[in-house]
Undergrad: 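Pasting a structure here, questions to come.
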There are 2 protein chains.
Amino acid sequence: MPARPAAPPDPHDDAEFLRGYDPDIYPRPSVTVDVVLLTIRDGALEALVIKRANPPYKGRWALPGGFIALDESLDEAARRKLDEEAGVRGIFLEQLYTFGEPRRDPRTRVISVAYYALASADRVRTAVPTAEAADARFLQIPGELDGTHFAFDHKKILEVALERIRGKLEYAPIAFQLLPATFTLTELQQVYQVVLGHALDKRNFRVRMLESGQIEDAKEVRRGSHRPAKLYRFKGR
Amino acid sequence: MPARPAAPPDPHDDAEFLRGYDPDIYPRPSVTVDVVLLTIRDGALEALVIKRANPPYKGRWALPGGFIALDESLDEAARRKLDEEAGVRGIFLEQLYTFGEPRRDPRTRVISVAYYALASADRVRTAVPTAEAADARFLQIPGELDGTHFAFDHKKILEVALERIRGKLEYAPIAFQLLPATFTLTELQQVYQVVLGHALDKRNFRVRMLESGQIEDAKEVRRGSHRPAKLYRFKGR
DNA sequence: TCAAAAGTGTTGGAATTACACCCATGA
DNA sequence: TCATGGGTGTAATTCCAACACTTTTGA
């Protein structure tokens, strides 16, 4: 759901207006983006969190994110933060929800436009250490949500992200974003199971996927100490 | 998806931090809310739009909305704008999407948190005239979308709202928000048809609704110059 | 030969679609 | 009595859920 550029305004109208315009007639809040970066590792859904090196909430876990620049779009800000704080580029990213309770940040009024991003584990190696981050790690979701001390309302953001991705999994082709370019049907099924939080029937799952027309045979196999598995590829991207 | 209040921060940590905090170290954009107020009148889906009395985009049609105050939540700001600019209170309201392209407002960087609101026609009489509004009217959606000159990216916001409500109609009980407290099954069916943009089978629709458990018999009838129709009521709200 | 994961069909029930006529009322 | 919208059932099809064993490989 990306925003399109605005239609050009009537030129005479705006030139006239802009001469006298003072942006300070309305109070301005700070605006941040926060990104829920989700991946699957070791059969579990994980989200990147960063330990805050500075107050407020020093020592607590926070989502990667930060203040937007005035010349970048919200999507660009989210991608920049993903790059700077997680070292990840070019992955699936979508706006989640905007959190704007007046006291959600003790410093001042901060409105956070939250995003969620999906990446396969092989694209997300180790988090990049920055001046702001005392530490960074992947939290198991939803398993470690309750035992962790979060900064701001970031627990809530993670919960909303989980809810969104669970709902969306059923009708949108997003599971593939959590896998490398080629994958086995068992791996795809594991993505569904881990996100949804319950087991699925193998035979029904395979028929459903193959008949959905979303994937195609990659004409390769993956070998292990067992029967080789056919590899598939998502038809999009 | 309402935002919950943030968890309380560590007090010592924040007291220390706040003494030296300068909110101006990061540039701050302006933030507005814009509300897509949808209703159904004369068998058509309509959205309230307001003709701008001042630049920028003077004379073009815009959604009700405006700058947020620093001590109100985003939801509160949207409700305030609905009250001030449409004279409507207490209706269904949900966050839609946040639009933040750098040049979407020619004055300065403005980020708009868009909402959509649903109301029955009897709750939305005439729009309230304000200093900012040269005129206000209900636009037929999607019919009049293309022939109308909009301010900012408000056409895009309307399109996203329509897309959202269409998708949501199929799994969430929102159709009732567009009807008065009691309604006939034919009226309910019309809501679905108008939003989805295509006809539905009457017999299938009725069975589906009655078996869904979402509505109950209001033990009344509506009379006209034809056979009286049973009235129903939404079980929630 | 064994362990490990891959791969494969059928059946019963539920849900969905298509489809057309009679009913009750007010004018 | 007629115009208007209200109200009703059935059959065919498709979709979904439950269920267990054989195959292929590497160690």
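Naming convention: chains lettered A, B, ... in sequence-line order (proteins, then strands); numbering from 1 in each chain. As a basis for the values below, the full set of heavy atoms in this structure was taken, side chains included, without hydrogen atoms, waters or symmetry mates.
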Undergrad: Measure the shortest side-chain to side-chain distance between A:Gln95 and B:Tyr97 over non-hydrogen atoms and say whether it is less than 4.5 angstrom.
TA: yes

Undergrad: Hey, what's the ring geometry for A:Phe176 with A:Phe183, parallel, tilted or perpendicular (30° and 60° as the breaks)?
TA: tilted

Undergrad: Are there more than 12 heavy atoms of other residues, nucleotides or ligands under 6.0 Å from atom CZ of B:Arg89?
TA: no

Undergrad: Atom CZ of A:Arg223 to atom C1' of D:dA27: distance rounded to whole Å?
TA: 14 Å

Undergrad: For A:Ser225 and for B:Leu185, find the nucleotide of DNA chain D with the closest heavy atom, then tell me which residue's nucleotide is more 5'.
TA: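 It is B:Leu185 whose nearest nucleotide is closer to the 5' end.
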
Undergrad: Let me know the distance between CD of B:Gln189 and C1' of D:dG5, rounded to the nearest Å.
TA: 12 Å

Undergrad: Starting at atom CD of A:Glu170, determine the distance to atom P of D:dC16, rounded to an integer number of angstrom.
TA: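 Those two atoms, CD and P, are 11 Å apart.
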
Undergrad: Would one find a side-chain N or O of A:Arg208 under 4.0 angstrom from OP1 or OP2 of D:dC16?
TA: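 A:Arg208 to D:dC16 OP1/OP2: no side-chain N or O under 4.0 Å.
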
Undergrad: Does any non-hydrogen side-chain atom of B:Leu93 lie less than 4.5 Å from one of B:Val35?
TA: yes

Undergrad: Does A:Arg104 make a cation-pi contact with A:Phe99 (under 6.0 Å, within 45 degrees of the axis)?
TA: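 Checked: cation-pi criterion not met.
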
Undergrad: Specify the separation, in whole Å, of atom CG of A:Asn204 and atom P of D:dA20.
TA: 13 Å

Undergrad: Once you round it to whole Å, what is the distance between P of D:dG7 and CG of B:Asp217?
TA: 10 Å

Undergrad: Is the closest side-chain heavy-atom distance between B:Leu118 and B:Ile165 below 4.5 Å?
TA: yes

Undergrad: Could you state the NE2-P distance from B:His226 to D:dG5, rounded to the nearest angstrom?
TA: 6 Å

Undergrad: How long is the line joining CG of B:Leu188 and P of D:dG5, in whole Å?
TA: 18 Å

Undergrad: Given D:dG7, is OP1 or OP2 found less than 4.0 Å from the side-chain N or O atoms of B:Arg206?
TA: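 For D:dG7, OP1/OP2 do have a side-chain N/O of B:Arg206 under 4.0 Å.
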
Undergrad: Assign each of A:Arg203 and B:Thr184 to its nearest nucleotide of DNA chain D by heavy atoms, then name whichever residue's nucleotide is nearer the 5' end.
TA: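 Nearest-nucleotide comparison on DNA chain D picks B:Thr184.
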
Undergrad: Is it the case that D:dG6 (base atoms only) and B:Lys230 (side chain only) share a donor and an acceptor within less than 3.5 Å, ignoring hydrogens and angles?
TA: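 No such pair is found, so the answer is no.
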
Undergrad: Under a 4.0 Å threshold between the charged nitrogen and the carboxylate oxygen, would B:Arg79 count as salt-bridged to B:Glu76?
TA: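 Answer for the salt bridge query: no.
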
Undergrad: In whole Å, I'd like the distance from the CG atom of B:Asp201 to the C1' atom of D:dT10.
TA: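 Between C1' of D:dT10 and CG of B:Asp201: 13 Å.
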
Undergrad: Mind checking which nucleotides bracket the chain A contacts on DNA chain C, 5' to 3', with an atom under 4.0 Å from a heavy atom?
TA: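 Listing 5' to 3', DNA chain C meets chain A from C:dA4 to C:dG9.
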
